[in-house]
Amino acid sequence: MRHVISILMENEAGALSRVAGLFSARGYNIESLTVAPTDDATLSRLTLVTRGSDEIVEQIVKQLNKLIDVVKVMDLSQYSHIEREMMFVKVGVEKNSACEAVKRLSDIFRGNIIDVTDKTYTIELTGDSSKLDAFVNALKEFRILEVVRSGSMGIARGEAALRA
Amino acid sequence: MELTGAEIFVECLKEEGVETIFGYPGGAVLFIYDALYKQQDKINHILVRHEQGAVHAAEGYAKATNKPGVALVTSGPGATNAVTGIADAYMDSVPLVVFTGQVPRALIGNDAFQEVDIVGITRPCVKHNFLVTDVRELATTIKKAFYIASTGRPGPVLVDIPKDITVARCEFHYPKEITMRSYNPTYKGNKRQVRRAVDLMLEAKRPVLYTGGGVVLSGAAHELTEMTRELGFPITETLMGLGAYPSMDKQFIGMLGMHGTYEANHAMHKADLVIAIGARFDDRVTGNVDKFCPDARIIHIDIDPASISKNVHVDVPIVGDVKHVIIDLLEELRSRTERPDPAALAVWWNQINEWRKVNCMKYTQEPEGPIRAQYVIDKLWELTGGEAYVASDVGQHQMWAAQFYKFNKPNRWINSGGLGTMGFGLPAAMGVQLAYPDETVACITGDGSIQMCIQELATCLQYRLPIKVITLNNGYLGMVRQWQEFFYQKRYAMSTMDTQPDFVKLAEAYGHVGMRIENPADVEGALKEALAMKDRLVFMDFVTAQEGNVYPMVPAGAGHNEMILV
Ligand SMILES: Cc1ncc(C[n+]2csc(CCOP(=O)(O)OP(=O)(O)O)c2C)c(N)n1
Ligand SMILES: [Mg+2]
């Protein structure tokens with residue numbers, strides 16, 4: 001099963017490689033990973049998407065908690081939660097017809113066109129991962145030059161919060 | 001007053017009450033060595049002959065005393081030479097603080113002379129590590145290192161110190177206490193789980209206590225013994241746990257696992273309740289997990305939550321320090337009016353005694369035949385009254401030592417369990433002897449293993465360490481040969497040592513006493529003679545049966561009830 005795991009950790013050199021190293025050393029898989037400092041500059045928040053049986057994910061959470069730099073861990077999959085991912089897609093629009101069609105698709109998916117040249121459109125899109133997949137799929141008939149995805153980040157709904 | 005980083009380093013060690021450290025100098029740690037030189041009356045620095053030896057010696061010291069061991073090495077090759085010892089300490093949860101020199105900060109990342117990213121290299125095999133980037137953080141970092149290494153589930157912590165930090169100056173202040181928001185080990189077990197565990201103990205008809213190195217590390221041997229007696233249950237120990245419960249006691253059914261006793265493994269297989277204490281269900285213990293304890297409910301007490309239900313599903317997990325939890329279990333048990341069912345226990349003990357009759361460790365020492373390794377260890381045990389500290393290397397001799405030296409006290413059996421590091425024995429014995437100068441320290445080793453850190457014989461002379469090196473010389477990498485005999489149709493690929501040094505001359509060249517013993521009749525006399533030499537290292541080369549095998553054995557992939565006997 002797919003799990004979204006949120007990790008609050010010391011904003012220190014090496015902390016990220018401890019987390020990444022744990023996954024490779026123990027053979028767990030990382031589907032996506034995103035990390036940045038929080039409102040408290042001494043803390044970073046990392047969201048990691050992984051797949052595994054309940055036993056494996058339980059082990060992952062325990063092993064993460066064991067890392068000295070890790071302050072707190074939350075398996076968001078156990079909460080009602082929201083997930084978002086951001087994507088940039090650069091599409092070739094040499095043909096006039098392509099301009100119109102790409103613009104229309106971007107509107108349907110509530111994307112923003114953030115850069116335009118006579119040959120390319122660059123679209124910014126936010127949503128959960130499956131929406132992003134669907135958009136890339138819809139663009140298949142055009143010439144996709146680049147896809148940049150941030151990886152998922154997540155937050156629990158309501159009162160539940162991951163704080164130090 | 002302002003101190004240099006190097007002076008701060010020494011002050012921190014003094015604050016931590018460190019008396020002995022093991023190390024080897026080099027460019028990056030010259031200022032530190034200079035500071036140590038000026039305070040040599042305060043800190044006893046032991047100069048080893050190879051950095052691997054420094055770390056194993058620190059491990060031996062720590063395993064015997066339960067205090068953190070300390071090693072100091074230079075950057076680059078000094079640091080990489082220390083890695084095996086660090087990994088060894090990680091696998092066996094040994095509290096250790098290892099200091100490595102590093103190139104000056106300005107050169108880090110430049111492929112400078114003797115630069116390695118030791119923090120990166122050791123990340124997967126330390127409990128934690130630090131690169132010090134500011135002299136003002138040095139003291140706090142060292143405080144944290146000792147705190148992390150010696151609390152919770154102990155382990156090695158590495159502190160990498162760039163050379164320029166050792167000359168930079170700042171005000172010295174050693175924090176009295178340290179709190180870390182990200183590290184708070186749990187010591188007290190959950191009350192409700194303690195009650196559930198006692199419920200299961202009282203219901204059990206075929207219980208077994210299965211205890212490991214955690215009992216030794218937690219200093220809980222006394223409490224374990226008390227609880228075991230109160231319950232009247234059989235107890236088996238892992239390789240790492242030997243000595244926590246007196247081996248000569250009738251409730252002790254021997255070591256379990258691959259080379260454990262017939263009775264211990266069969267009891268595990270038939271048990272309806274397994275109480276695992278400070279043990280981690282290692283694959284050498286469980287054998288095939290699908291066949292492991294098929295009828296048992298399992299209680300697991302461990303300080304490390306990640307050990308629980310990692311390999312085997314646990315019914316009642318109790319996260320906490322073994323000693324604290326046993327005290328709570330005893331209290332709960334004593335507050336109950338019920339007692340474990342005596343009739344059921346009597347039946348269970350009858351069954352266990354039947355298994356005991358198999359006498360799975362029997363061997364014969366023919367008077368004319370080659371010396372049996374088992375016989376040497378038996379005699380050593382007799383002559384030392386089971387009271388010696390025994391450091392071991394890795395191989396058949398290690399298993400025989402575990403089987404035949406019956407430990408009655410914890411912290412006396414010093415071996416490399418998790419990593420299985422050949423070369424561990426001699427330097428570990430040095431660490432033990434330095435901690436306990438007046439005790440008998442034996443190193444049981446093999447003709448292969450002893451050559452992996454043989455250079456430490458020079459260290460032993462320099463510091464007059466009267467270790468009794470007992471080499472069980474079978475002319476083979478015996479454990480490898482045994483597997484080749486069993487599983488590779490006797491194709492002894494590279495397990496024969498075609499040439500060997502003359503160990504007697506070698507010992508003498510290092511300034512020690514050497515002995516070669518070839519006849520069974522001479523074993524006892526030679527051991528007596530060696531043990532009587534209180535101030536000399538004696539290197540005993542016992543020429544033993546070449547193709548002896550360690551029995552009994554649970555082959556890889558088999559269940560506990562599928563042991564090979566002889
Ligand atoms: C550093 C290291 N290399 C290789 C091994 C694999 N190994 C395990 S036991 C063994 C043989 C040990 O030979 P010896 O020390 O003579 O002991 P014996 O088994 O003969 O008693 C070997 C090579 C190991 N455990 N450690
Ligand atoms: Mg050998």
Side-chain angles (χ1 to χ4, degrees), chain A residues 3 5-30 33 35 37-46 48 50 52-75 78 161-164, chain B residues 87 90-91 93 105 108-109 117-134 137 141 144-145 147-149 151-160 178-186 280-281 289 300 302-314 317 319:
Chain A
H3 285 253
I5 296 173
S6 278
I7 302 166
L8 205 57
M9 61 188 196
E10 299 290 350
N11 186 8
E12 272 178 25
L16 176 60
S17 49
R18 283 181 218 281
V19 172
L22 172 75
F23 275 72
S24 60
R26 295 195 180 263
Y28 308 140
N29 93 319
I30 299 182
L33 184 155
V35 60
T38 64
D39 56 326
D40 175 346
T42 66
L43 289 170
S44 291
R45 175 138 172 176
L46 189 153
L48 192 150
T50 185
S53 63
D54 287 351
E55 293 80 49
I56 288 181
V57 173
E58 185 188 326
Q59 249 311 296
I60 291 178
V61 169
K62 284 175 174 175
Q63 292 291 349
L64 284 168
N65 270 312
K66 211 168 137 177
L67 294 175
I68 306 287
D69 282 336
V70 167
V71 181
K72 279 219 170 110
V73 182
M74 191 170 178
D75 179 0
Q78 301 189 343
L162 186 61
R163 295 206 62 85
Chain B
Y90 183 65
M91 293 293 276
S93 309
R105 278 170 295 174
I108 290 179
D117 174 14
I118 196 64
V119 167
I121 288 173
T122 57
R123 207 171 274 136
C125 61
V126 290
K127 183 168 174 187
H128 197 59
N129 58 19
F130 298 95
L131 168 66
V132 181
T133 54
D134 185 333
E137 283 165 14
T141 305
K144 279 187 188 168
Y147 171 62
I148 294 170
T151 54
R153 177 177 178 173
V157 177
L158 179 137
V159 183
D160 197 23
I178 205 109
T179 50
M180 294 173 69
R181 62 180 168 188
S182 60
Y183 175 68
N184 292 296
T186 309
R280 61 184 177 88
F281 298 85
V289 284
H300 189 186
D302 205 288
I303 196 150
D304 177 9
S307 280
I308 289 174
S309 290
K310 182 176 71 178
N311 302 336
V312 166
H313 173 78
V314 168
V319 176

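Residue numbering restarts at 1 for every chain, and letters A, B, ... go by the order of the sequence lines. These values consider heavy atoms only, across backbone and side chains, with no hydrogens, waters or symmetry-generated copies.
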Report the residue from A:K62, A:Q59, A:E58 that forms a side chain to side chain contact (heavy atoms under 4.5 Å, CB included) with B:K310. A:Q59
Quick check on B:I148 against chain A: is it the side chain, the backbone, both or neither that has a heavy atom closer than 4.5 Å? side chain
Just wondering, do B:H313 and A:E55 contact through their side chains at under 4.5 Å, heavy atoms? no
Under a 4.5 Å cutoff for heavy-atom pairs, which residue among A:M9, A:K72, A:Q63 has the most contacts with chain B? A:Q63
Atom CE in B:M180, atom CG in A:D69: separation rounded to 0.5 Å? 7.5 Å
So CG of B:D304 and CG of A:N65: to nearest 0.5 Å the spacing works out to 10.5 Å
Most contacts with chain B, counted as non-hydrogen pairs under 4.5 angstrom, among A:T42, A:L8, A:V61, A:L22: A:T42
Could you have a look at A:S17, A:G21, A:A164, A:S24 and say which one has the most heavy-atom pairs with chain B under 4.5 angstrom? A:S17
Can you tell me how far apart CD (A:E12) and CG (B:L131) are? Round to the nearest 0.5 Å. 11.0 Å
At what distance, to the nearest 0.5 angstrom, does CZ of B:R153 lie from NZ of A:K66? 4.5 Å
When rounded to the nearest 0.5 angstrom, what is the spacing between OH in B:Y147 and CD1 in A:I68? 9.0 Å
